[in-house]
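Working notes for the structure below.
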Amino acid sequence: MKNRTTTSPSGMMRIVGASSAGTMLEYYDFFAYVALTGTLTKLFLPASDPVVATLLAAATFGVSYLARPLGTIIFSPMADRIGRKKTFVVTLGVMGVATVAIGCLPTYAAAGSFAPAALLFLRVVQGVGLGGEYGSAVVYVTEHAPAGRRGRYTSVLQSTASVGLLLALVLVSLLKVSLDSAAFAGWGWRVPFLLSAPIVLVATLVRLRMSETPVFTELRNSGQLAKSPLLDTVRTWKSWKAILLATFGAQGGTSVTLYTSIVYMLYFLQTVLKVDETRTNVCLAIAILIAAPCYPLFGALSDRVGRSRVMLLGILLWMVAAYPAFAGIRAAVHSASWTAVTAIITVLAILTAMVMAPLPAFITEQFPPQSRTTGFGFAQQLGNILFGGFLPLISLSLVSWTGNQLAGVGYSIVSLLPCLAVTLFWGVRSERARTARPGASPVPSASAETTGRLLR
């Protein structure tokens, strides 16, 4: 089997840019939903008790994560059997249609119980699309990336998640500032969801013009595609070891740090500390903007020193910083020191980037190319369910039950303990053993990896 020609840096950036559209849309959508929690709660989930209403909104946010494994089961094996490119064109379409449809929904006042039921259904459809989107995009970039630079290029996908968060925050803030409350409640909240349509259209057209990955092409041409990637992923202990390592050693740490530092942070500021939505959005937007360039830096560092070491340091530093950071934010809010609030959020966002940046390369390197997308999807969705999707709901519930405003961040710190242990005692050792094999490089090229696995 011939080694492929190395993709040029400019070619890699085009590949990364096209692949990143889905990631940006994913985070744009879910943070638009979070940023609009107060409005959506009043329009779709009326309740006499505001605490109950907020918890219902957080639960609706988390429900899409329960649907993601279904999307993984449907779309990830498809990516391993018919192609990475074809699959992430389909998943982007599913995700985009559901997002735009949310912007077209009638409210509870107009349609009664149909409104929250339809919102819940569309959140499930979004989850199904997302369950296959990100894994296909990551594998697509990974299998084009040159040797020794997987961490750098795949971490850009993670940084575009920050772009999606930032766009959602900025757009929602501008709408709230420029519209009066009646106009915003009447139609302004729909704009962020409807604007997904042009993003999806452009991204779909770009993806349709892209070529399949060299690794998948080699597998297909040599007749080595897996007949059942799903069964290959779940039927052996070796596969489950890879799934568990990726789930607890990478995805768990990413889910906890991201959803606490950004998503729960918004709930904490608005619901717990009663900061107005616009000020909250501005503080978070600035922090996200400052932290975004750190992703490729940490990704490139993981190419040099190892994925597990970078993630381990990020998890450890985040655990040490989180509780005093939230306590400091509370004190800064009470003294109306918004610069301090923004600076503290920025520190947590940068530490989150240290955990998140190596994740795509780390997980893809755990699985053979024949079932790589399926393995990636399983690990990611399992980690999201266990650690991420319902973290805001659990954290808010703990604050409500205990009366302790910092109880939520305490839950996040405890949740990271198994991630820290797995990364320290299993991830670092596993990575060291893999790179210590004779002739092995820290991050082998895609074609060399494919050839080696096929000849075994």
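In this text, all values refer to a predicted model and were calculated from it rather than measured experimentally.
Note that NZ of Lys85 and OG1 of Thr217 are 10.5 Å apart. Values are rounded to the nearest 0.5 Å. Here CE of Met354 is found 10.5 Å from CG of Leu312. Values are rounded to the nearest 0.5 Å. Going from atom CD of Gln366 over to atom CG of Leu245 covers 4.5 Å, rounded to the nearest 0.5 Å. One distance of note links OG1 of Thr39 with CZ of Phe184; it measures 4.5 Å at 0.5 Å rounding. Atoms CD1 and CG, on Ile102 and Leu194 in that order, are 10.5 Å from each other to the nearest 0.5 Å. Expressed to the nearest 0.5 Å, how far CZ of Phe362 lies from OG1 of Thr423 amounts to 6.5 Å.
With a 4.5 Å cut-off on side-chain heavy atoms, Pro360 and Gln158 count as touching. In this structure the side chain of Arg372 reaches within 4.5 angstrom of the side chain of Glu143, judged on heavy atoms. Within the 4.5 Å cutoff, the side chain of Met356 has no heavy atoms near those of the Met311 side chain. Within the 4.5 Å cutoff, side-chain heavy atoms of Leu273 are placed close to those of Ile329. For the pair Val139 and Phe216, the minimum side-chain heavy-atom distance is 4.5 Å or more. Counting heavy atoms from C-beta on, the side chains of Phe75 and Glu133 never come closer than 4.5 Å. The closest side-chain heavy-atom distance from Pro69 to Ile385 is below 4.5 Å. Put simply, the side chain of Leu122 does not reach to within 4.5 Å of the side chain of Gln126, judged on heavy atoms.
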Going by atom type alone, with no hydrogens or angles, which donor-acceptor pairs under 3.5 Å involve a side-chain atom of residues 281-294 and a protein atom two or more places apart or on another chain?
| unit_1 | atom_1 | unit_2 | atom_2 | d |
| --- | --- | --- | --- | --- |
| Asn281 | ND2 | Ser173 | OG | 3.2 |
| Asn281 | ND2 | Glu277 | O | 3.4 |

Table please: side-chain donor-acceptor pairs of residues 411-421 below 3.5 Å, with sequence neighbours left out.
| unit_1 | atom_1 | unit_2 | atom_2 | d |
| --- | --- | --- | --- | --- |
| Ser412 | OG | Thr260 | OG1 | 2.7 |
| Ser415 | OG | Tyr411 | O | 2.9 |

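Looking only at distances, a side-chain donor or acceptor of Thr364 sits under 3.5 Å from a matching main-chain atom of Ala361. No donor-acceptor pair closer than 3.5 Å links the side chain of Ser337 to the backbone N or O of Val333. Arg190 places a side-chain N or O within donor-acceptor distance of the main-chain N or O of Gly103, the cut-off being under 3.5 Å. Judged by distance alone, the side chain of Thr271 and the main-chain N or O of Phe268 form no donor-acceptor pair under 3.5 Å. With hydrogens and angles ignored, the 3.5 Å screen pairs no side-chain donor or acceptor of Ser400 with any backbone N or O of Leu396. At distances below 3.5 Å, at least one donor-acceptor pair connects side-chain atoms of Arg309 with backbone N or O atoms of Val305.
Across all non-hydrogen atoms, the minimal contact from Phe298 to Ile350 is CE1-O, 3.6 Å. When all heavy atoms of His144 and Thr213 are compared, the pair lying nearest together is CE1-CA, 3.5 Å. Nearest heavy-atom pair, Leu157 versus Thr160, reported as atom, atom and distance to 0.1 Å: O-OG1, 2.6 Å. Summarising the geometry of Pro192 relative to Ala32, their closest heavy-atom pair is CB-CB, 4.3 Å, with the distance given to 0.1 Å. Closest heavy-atom contact between Val16 and Tyr153: CG2-O, 4.0 Å. The minimum heavy-atom distance between Leu175 and Gly188, with the atom names listed, is CD1-O, 3.5 Å.
The side-chain contact (heavy atoms from CB on, under 4.5 Å) test with Tyr28 singles out one residue from Leu171, Leu169, Thr99, Leu166, and that residue is Leu171. Only one option out of Thr87, Thr233, Thr374 pairs with Asp80 in a side chain to side chain donor-acceptor pair (under 3.5 Å); it is Thr374. A side-chain contact (heavy atoms from CB on, under 4.5 Å) with Ile315 holds for exactly one of Val310, Val320, Val355; it is Val355.
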Subject >> Full working for ring-ring contact (aromatic ring centres under 6.0 Å, His included) between Phe248 and Phe387 >> reply: CA-CA 9 Å; Phe248 287 89; Phe387 294 98; 5.6 Å; yes

Original post:
Going through the distances and angles, do Phe367 and Phe376 end up as a ring-ring contact (aromatic ring centres under 6.0 Å, His included)?
Top reply: CA-CA 8 Å; Phe367 301 97; Phe376 187 103; 8.0 Å; no

**OP:** Decide yes or no on side chain to side chain contact (heavy atoms under 4.5 Å, CB included) for Ser395 and Tyr259, but give the supporting numbers first.
**Re:** CA-CA 11 Å; Ser395 298; Tyr259 285 77; over 6 Å; no

Original post:
Where do Met12 and Arg149 land on the side chain to side chain contact (heavy atoms under 4.5 Å, CB included) test, with the steps shown first?
Top reply: CA-CA 11 Å; Met12 278 304 308; Arg149 294 189 179 181; over 6 Å; no

Original post:
Given the rule in the side chain to side chain contact (heavy atoms under 4.5 Å, CB included) test, do Thr257 and Leu351 qualify, once you have shown the distances and angles that lead to the verdict?
Top reply: CA-CA 8 Å; Thr257 55; Leu351 294 179; over 6 Å; no

**OP:** Run the numbers on Leu348 and Met265 for side chain to side chain contact (heavy atoms under 4.5 Å, CB included), then give the verdict.
**Re:** CA-CA 10 Å; Leu348 290 180; Met265 181 66 72; 3.9 Å; yes

Subject >> Trace of the side-chain hydrogen bond (donor to acceptor under 3.5 Å, both in side chains) decision for Trp426 with Ser308 >> reply: CA-CA 9 Å; Trp426 191 1; Ser308 294; over 6 Å; no

Original post:
For Ser302 and Arg307, what are the C-alpha separation, side-chain angles and deciding distance, and is it a side-chain hydrogen bond (donor to acceptor under 3.5 Å, both in side chains)?
Top reply: CA-CA 5 Å; Ser302 77; Arg307 325 287 184 212; 3.0 Å; yes

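No salt bridge links Arg84 with Glu212; every basic N to acidic carboxylate O contact stays at or beyond 4.0 Å.
Defined by atom type and a distance below 3.5 Å, a donor-acceptor pair is missing between the side-chain atoms of Gln251 and Thr247.
The aromatic rings of Phe193 and Trp189 sit perpendicular, their planes meeting at an angle over 60°, well past the 30° parallel limit.
Under the rule for a salt bridge (Lys or Arg N to Asp or Glu O under 4.0 Å), Arg152 has no partner lying at least two apart in sequence or in another chain.
The distance between the ring centers of Tyr134 and Phe88 does not fall below 6.0 angstrom.
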